[in-house]
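Since the model is a prediction, treat every value here as computed from it, not as a measurement.
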Amino acid sequence: MIRTSFPSFRKLLPQSVSASAFSKIGTYNWFTSQPYPLESPNPSYSDDEYADVDWDSLGFGLMATDYMYITKCCEGQHFREGQLSRYGNIELSPAAGVLNYGQGLFEGTKAYRKENGRVLLFRPEQNAIRMKMGAERMCMASPSIDHFVHALKQTVLANKRWIPPPGKGSLYLRPLLLGTGPVLGLAPAPEYTFLIYASPVRNYFKEGSAPLNLHVEENFDRASRRGTGNVKTISNYAPVLMAQTTAKKRGFSDVLYLDSATKKNLEEVSSCNIFIAKGKCIATPATNGTILSGITRKSVIEIAGDLGYQVEERAVGVDELIEADEVFCTGTAVGVAPVGSITYQDKRMEYITGSGTICQELNDTISGIQTGTIEDKKGWIIEVD
């Protein structure tokens with residue numbers, strides 16, 4: 001039996017919701033949109049207690065936490081205040097739009113624990129904005145920005161004991177927007193579900209913080225012009241698995257894709273953005289419709305400018321990899337990850353990594369802001385209380 005307490009979570013509920021409303025936190029009924037009550041919602045652990053996890057062995061795998069957030073809405077309506085439900089499986093119609101036509105979006109953000117125990121979110125409103133833009137492209141209803149951020153806070157507080165100790169990782173939050181209504185002919189789903197689940201994580205790549213070894217992919221494209229490459233739709237990710245799996249069998253960390261039109265310009269890695277650096281100049285492919293506008297990417301560009309680097313968002317030719325001093329990847333899951341080598345047409349190019357590099361400086365700065373060890377002067381951090 002899961003037993004938990006909500007000493008801070010109550011603050012997030014509307015004033016009209018009484019303490020008895022906590023009995024509504026439960027397993028979700030996907031047919032009536034009503035939750036079944038928990039067997040026992042009694043508080044039993046302190047606000048600073050940790051889950052029983054070997055934090056030193058934490059990787060980037062799914063670890064089921066206590067609760068997930070769920071709400072639904074019909075086409076043409078707005079999402080209502082959601083419910084916290086036990087983490088678990090969900091029921092879907094076999095005719096659900098997300099199963100038949102891939103009508104779905106996802107986001108990723110993290111919650112960090114400070115040394116004083118406070119919990120921080122990094123720019124969650126940017127995830128909300130990106131989901132709204134993606135929903136418009138995919139003809140879906142979407143939660144408001146305030147609703148999105150509020151739901152993240154609820155999910156974080158309900159799973160607070162799963163947030164790793166400072167320096168041991170973070171709580172990864174996965175918001176999903178799914179077309180769950182049944183539809184047979186190709187059309188927008190008649191009903192949508194907004195769901196958030198969480199998992200404690202640490203390093204995304206099996207290399208940990210070691211430099212990555214990338215392979216430039218020429219046989220497969222990640223995205224095409226006027227497609228959905230700039231949208232965080234679920235349909236963008238399964239198609240990269242074949243190239244990624246092949247590359248990993250050959251000993252590479254991941255795949256770096258080229259533009260589909262000319263095969264001459266860098267686009268992005270399977271699940272993160274790419275940067276190259278030469279001297280004090282940093283370049284990254286412009287988000288021209290085929291590249292996802294990463295929130296870490298956007299933040300790194302701003303931080304690099306503040307640190308005195310010249311940052312260019314432009315077409316970056318694959319031939320520029322030969323002259324680059326450094327290459328690094330950025331993303332919510334990966335952070336700012338150094339690239340040690342890239343192999344293109346059987347030619348291996350190696351790059352500077354480690355102490356004193358631009359990558360290390362940028363990683364230290366952004367992670368310091370995210371974890372509260374560096375003052376946030378940009379208003380990027382939201383404390384969850």
Suppose the criterion is ring-ring contact (aromatic ring centres under 6.0 Å, His included): which pairs have a residue in [range], not counting sequence neighbours?
| range | answer |
| --- | --- |
| residues 278-313 | none |
| residues 331-373 | none |
| residues 362-385 | F122-W380 |

If we ignore hydrogens and angles and just use 3.5 Å, is the side chain of [X] paired with the main-chain N or O of [Y] as donor and acceptor?
| X | Y | answer |
| --- | --- | --- |
| Y69 | G82 | yes |
| N236 | V231 | yes |
| T343 | H215 | no |
| N230 | T287 | no |
| T180 | A96 | no |

Are I303 and V336 connected, step by step, through hydrophobic side chains (Ile, Leu, Val, Met, Phe, Trp, Tyr) whose heavy atoms are closer than 4.5 Å?
yes
Please tell me whether M242 and L258 are part of a single hydrophobic cluster in this structure, the criterion being side-chain heavy atoms less than 4.5 Å apart.
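Per the 4.5 Å side-chain linkage, M242 and L258 are not co-clustered.
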What is the distance from atom [atom1] of [X] to atom [atom2] of [Y], rounded to the nearest 0.5 Å?
| X | Y | atom1 | atom2 | value |
| --- | --- | --- | --- | --- |
| W55 | R202 | CH2 | CZ | 11.0 Å |
| S199 | M63 | OG | CE | 6.5 Å |
| E115 | R113 | CD | CZ | 11.0 Å |

Walk me through whether F205 and F60 qualify under ring pair (Phe, Tyr, Trp, His ring centres under 6.0 Å).
CA-CA 8 Å; F205 290 105; F60 202 94; 9.3 Å; no
Charged N to carboxylate O under 4.0 angstrom, E125 versus K132?
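Salt bridge: no.
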May I ask you to decide whether R86 forms a salt bridge with D66, counting only side-chain N to carboxylate O separations under 4.0 Å?
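Judged by the 4.0 Å cut-off on N to carboxylate O distance, R86 and D66 do not form a salt bridge.
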Listed partners of [X] passing salt bridge (Lys or Arg N to Asp or Glu O under 4.0 Å), at least two apart:
| X | value |
| --- | --- |
| E350 | R348 |
| E107 | R130 |
| D306 | K378 |
| E268 | R222 |

With sequence neighbours left out, what residues match E136 under side chain to side chain contact (heavy atoms under 4.5 Å, CB included)?
none
Any residue meeting side chain to side chain contact (heavy atoms under 4.5 Å, CB included) with T262, in chain and number order, not counting sequence neighbours
D259, K264, N265
Smallest separation among heavy atoms of [X] and [Y], with atom names:
| X | Y | result |
| --- | --- | --- |
| A135 | L105 | N-CD1, 3.2 Å |
| Q103 | A189 | OE1-N, 3.0 Å |
| P164 | P200 | CG-CB, 4.1 Å |

Taking ring pair (Phe, Tyr, Trp, His ring centres under 6.0 Å) as the test, write out the residues that go with [X], two or more places apart.
| X | value |
| --- | --- |
| F148 | F194 |
| Y237 | F106 |
| F79 | none |

Decide if atom [atom1] of [X] counts as having more than 12 heavy atoms of other residues, nucleotides or ligands within a radius under 6.0 Å.
| X | atom1 | answer |
| --- | --- | --- |
| M133 | CE | no |
| R225 | CZ | no |
| L184 | CG | no |

Are Y257 and F220 near enough that their ring centres are under 6.0 Å apart?
no
